[in-house]
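Heads up: the structure comes next, in structure tokens.
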Amino acid sequence: MSTYAIRKIIHVDMDAFYASVEQRDNPDLRGKPVAVGGAAARGVVAAASYEARKFGVHSAMPSVTAARKCPDLIFVRPRFEVYKAVSQQIREIFAEYTPLIEPLSLDEAYLDVTENLKDMPIATEIALEIRQKIKAVTGLNASAGISYNKFLAKMASDLNKPNGQAVITPRNGPAFVEQLPVKKFHGVGPATAEKMHRLGIHTGGDLKTKSLPFLTDHFGKSGPYFYCIARGIDNRQVKPDRVRKSIGSEDTFAADISDLGAAKAELALLVAKIWAYCGARNMTAKTVTVKVKYSDFQQITRSRTQTLCFVNEAEVLGISESLLETVYPFRKGVRLLGVTLSSLSEEATETSAQLPLFM
């Protein structure tokens, strides 16, 4: 049996994390449609409760659009210092079971429980116990996916959301991937999915019919990854101590942006996500890069490096905005914005309680 088939990987994903924390701490919000973000004309939704999602509200959606879809939507300012503290509580629960924990963000992580600290042989039972402990300690619901590799564990965690879990076994893994639309693949963004569709690739089964040279020719270094996951293969290890060269976040917009104010609002949300991630790991950086992709898929980047590390979110946002201003007026509509921090350093950071976007 190959190595990947005997590993036991759990992907834990908190349900509507930011919004659920707000509903937990404010009983008046429970059972109501809540959006964490700014209600201003140029505000953006950072997270939406499940009650709000029923109306089509989702993260990265302009606040005006969200309010139009759900007139009773309640906007709440984000409290990243609280989300960070809750995330640490959850991490401590994970550590009771395994030292192999790879956080992806404040609200999700991979765990390798092939060999675990509790000597529990069944990964589904470990996932259930972890979810029950998270509920008992934090009052929040978590979903989980269990499988023999990271890709399928990530896919499985979405199957029974919210407050559920699912397992994808080595026996049914390849068949599961074959029927899955490529737009739902973790690691396949809107632009890549669109390119795959143009090539006649709509499902994992379609992807599986393509040769490795074909995928490498069309998707470069991602080609071998797509070739393997189409067959249910993902040999990436859960790496708790991986050395990161950069931390970034980006969003592709439903409609192109041409207004500088709207672009800055989106930029603020990206910076907030990245700085929260850094704050949870006591990391900072010296370089910030802003990426702009236009409607014709051409992209440009602008970077700035300073001698001393960034000390707070406001500083990163200010530099990011000034970099964005250097390419305004935009030569075409903007379909994607991204922010990346590099030249990373493990130093204490401040986590801003309020974001310029939401003031």
task = Determine, step by step, whether Glu108 and Lys154 satisfy the salt bridge (Lys or Arg N to Asp or Glu O under 4.0 Å) criterion, reporting the C-alpha distance in whole Å, the side-chain angles of both residues, the deciding distance to 0.1 Å, and the verdict.
result = CA-CA 10 Å; Glu108 62 176 318; Lys154 172 75 172 177; 2.6 Å; yes
key: Non-hydrogen side-chain atoms of Val238 and Leu111 separated by less than 4.5 Å   =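 No, their side chains stay 4.5 Å or more apart.
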key: Side chain to side chain, Val327 and Tyr294, heavy atoms closer than 4.5 Å   =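 Yes. Closest side-chain heavy atoms under 4.5 Å.
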Whether [Y] and [X] form a salt bridge (side-chain N of Lys/Arg under 4.0 Å from carboxylate O of Asp/Glu) is what I want to check.
{"X": "Lys184", "Y": "Asp158", "value": "no"}
{"X": "Glu325", "Y": "Lys264", "value": "yes"}
{"X": "Asp13", "Y": "Lys161", "value": "yes"}

task = Would you list the pairs meeting ring-ring contact (aromatic ring centres under 6.0 Å, His included) in which at least one residue belongs to residues 180-212, sequence neighbours left out?
result =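 For residues 180-212, and leaving out neighbouring residues, the ring-ring contact (aromatic ring centres under 6.0 Å, His included) pairs sorted by first residue read Phe151-Phe185, His197-His202.
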Short question: side chain of [X], backbone of [Y] - any donor-acceptor pair under 3.5 Å?
{"X": "Lys210", "Y": "Asp206", "answer": "no"}
{"X": "Ser258", "Y": "Gly333", "answer": "no"}
{"X": "Ser59", "Y": "Ala47", "answer": "no"}
{"X": "Ser157", "Y": "Gly145", "answer": "no"}
{"X": "Arg30", "Y": "Gln23", "answer": "yes"}
{"X": "Asn116", "Y": "Val113", "answer": "yes"}

task = Test Arg79 against Asp25 for salt bridge (Lys or Arg N to Asp or Glu O under 4.0 Å), laying out the working first.
result = CA-CA 11 Å; Arg79 299 180 297 152; Asp25 293 349; 2.8 Å; yes
May I ask you to check whether [X] and [Y] show a side-chain donor-acceptor distance below 3.5 Å?
{"X": "Arg131", "Y": "Ser143", "result": "no"}
{"X": "Glu102", "Y": "Gln237", "result": "no"}
{"X": "Tyr83", "Y": "Glu22", "result": "yes"}
{"X": "Ser246", "Y": "Ser342", "result": "no"}

query = Please walk me through it: do Ser322 and Arg304 pass side-chain hydrogen bond (donor to acceptor under 3.5 Å, both in side chains)?
reply = CA-CA 10 Å; Ser322 65; Arg304 183 178 301 172; 3.3 Å; yes
query = Distance under 6.0 Å and angle within 45° of the ring axis: does Lys150 meet both against Tyr110?
reply =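 Flagged: Lys150 positioned over aromatic ring of Tyr110.
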task = Could you tell me whether Lys118 atom NZ has more than 12 heavy atoms of other residues or ligands within 6.0 Å of it?
result =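 More than 12 within 6.0 Å, yes.
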task = Assess whether atom NZ of Lys133 is packed by more than 12 heavy atoms of other residues, nucleotides or ligands within 6.0 Å.
result =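 Check passes, neighbour count above 12.
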key: Test salt bridge (Lys or Arg N to Asp or Glu O under 4.0 Å) applied to Lys8 and Glu115, step by step   = CA-CA 8 Å; Lys8 299 175 184 178; Glu115 296 180 2; over 6 Å; no
